[in-house]
Amino acid sequence: MKEVKILDKTFRLYKNEEEIATSISTIANSINSDYEGKSPLFLGVLNGCFLFAADLMKKVNLSCEISFVKVASYKGMKSTGEVNQLIGLDRSLEGRDVIIVEDIVDTGNTIETIVDLLKKAGCNSIKIATFLLKPEAYNKDIPVDYVAMEIPNAFVVGYGLDYDGFGRNLNELFVLKD
Ligand code: 5GP
């Protein structure tokens, strides 16, 4: 079985390129039919989404736009609470049908934050497309509309996902070897 070493950890092959491509085609087909006649705005969440977003968009045949954001968290100056902000948003979302493009949804904390921030932007609709979902870890009520692959509660790298900054450029998905 194919393995890769990243920093101090070893990972084994989990999903190959063909499996990844097939799973992405399936959700692209659903998006193409669900959004027929509409002009959605895909909003990729960096850094992890970059390969998934590229491959997904190549299979989307709608008239659409794609833009990218990052989620920044910082401690408020006066409050002790964490403040979240979307950075890089370069256009108005007012009235738009937005599809968030994520690499992975684990507990759902990140996606919940993003959806909350987008709700204030006056979107017509907000849906979520993710490469991976960990159903056992997900503990939110927000529906995750388009899931390329469901995976168990394990740590994965490759295809955009990193281990301590490394491994994002692997074109297959690897899981931590125990
Ligand atoms: P959540 O907020 O849904 O718990 O976690 C989302 C973030 O956790 C992802 O955007 C990703 O950065 C990180 N994450 C969760 N599970 C994994 C994993 O298996 N591998 C990697 N590389 N990152 C993960």
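First listed ligand is number 1; within each ligand, the first listed atom is number 1. Note that the numbering runs from 1 along the sequence shown for the chain.
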For this session: Using a strict cut-off of under 4.0 Å between a residue heavy atom and any atom of ligand 1, list the qualifying protein residues by chain and number.
Result: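 For ligand 1, the residues that come within the 4.0 Å heavy-atom cutoff are D103, I104, V105, D106, T107, G108, N109, T110, K134, A154, F155, V156, L161, D162.
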
Exercise. Parallel under 30°, tilted from 30 to 60°, perpendicular over 60°: which one fits the rings of Y159 and F131?
Worked result: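 Ring orientation, 0 to 90° scale: tilted.
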
Problem set entry | Test: E65 and R96 ion pair at under 4.0 Å |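 Here E65 pairs with R96 in a salt bridge, since their nearest N and O are under 4.0 Å apart.
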
Exercise. Quick one: do R12 and E3 make a salt bridge, cutoff under 4.0 Å?
Worked result: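 No.
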
For this session: Any chance you could lay out the side-chain hydrogen bond (donor to acceptor under 3.5 Å, both in side chains) test for N16 and K2, step after step, and finish with the verdict?
Result: CA-CA 10 Å; N16 64 29; K2 187 170 171 183; over 6 Å; no

Exercise. Can a donor-acceptor pair be found between the side chains of N29 and K59 at a distance below 3.5 Å?
Worked result: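 Their side chains do not contain a donor-acceptor pair, so the 3.5 Å distance test is not met.
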
For this session: Just jot down the salt bridge (charged side-chain N to carboxylate O under 4.0 Å, His left out) partners of D55, sequence neighbours excluded, or say none.
Result: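 Result, salt bridge (charged side-chain N to carboxylate O under 4.0 Å, His left out) vs D55: K58.
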
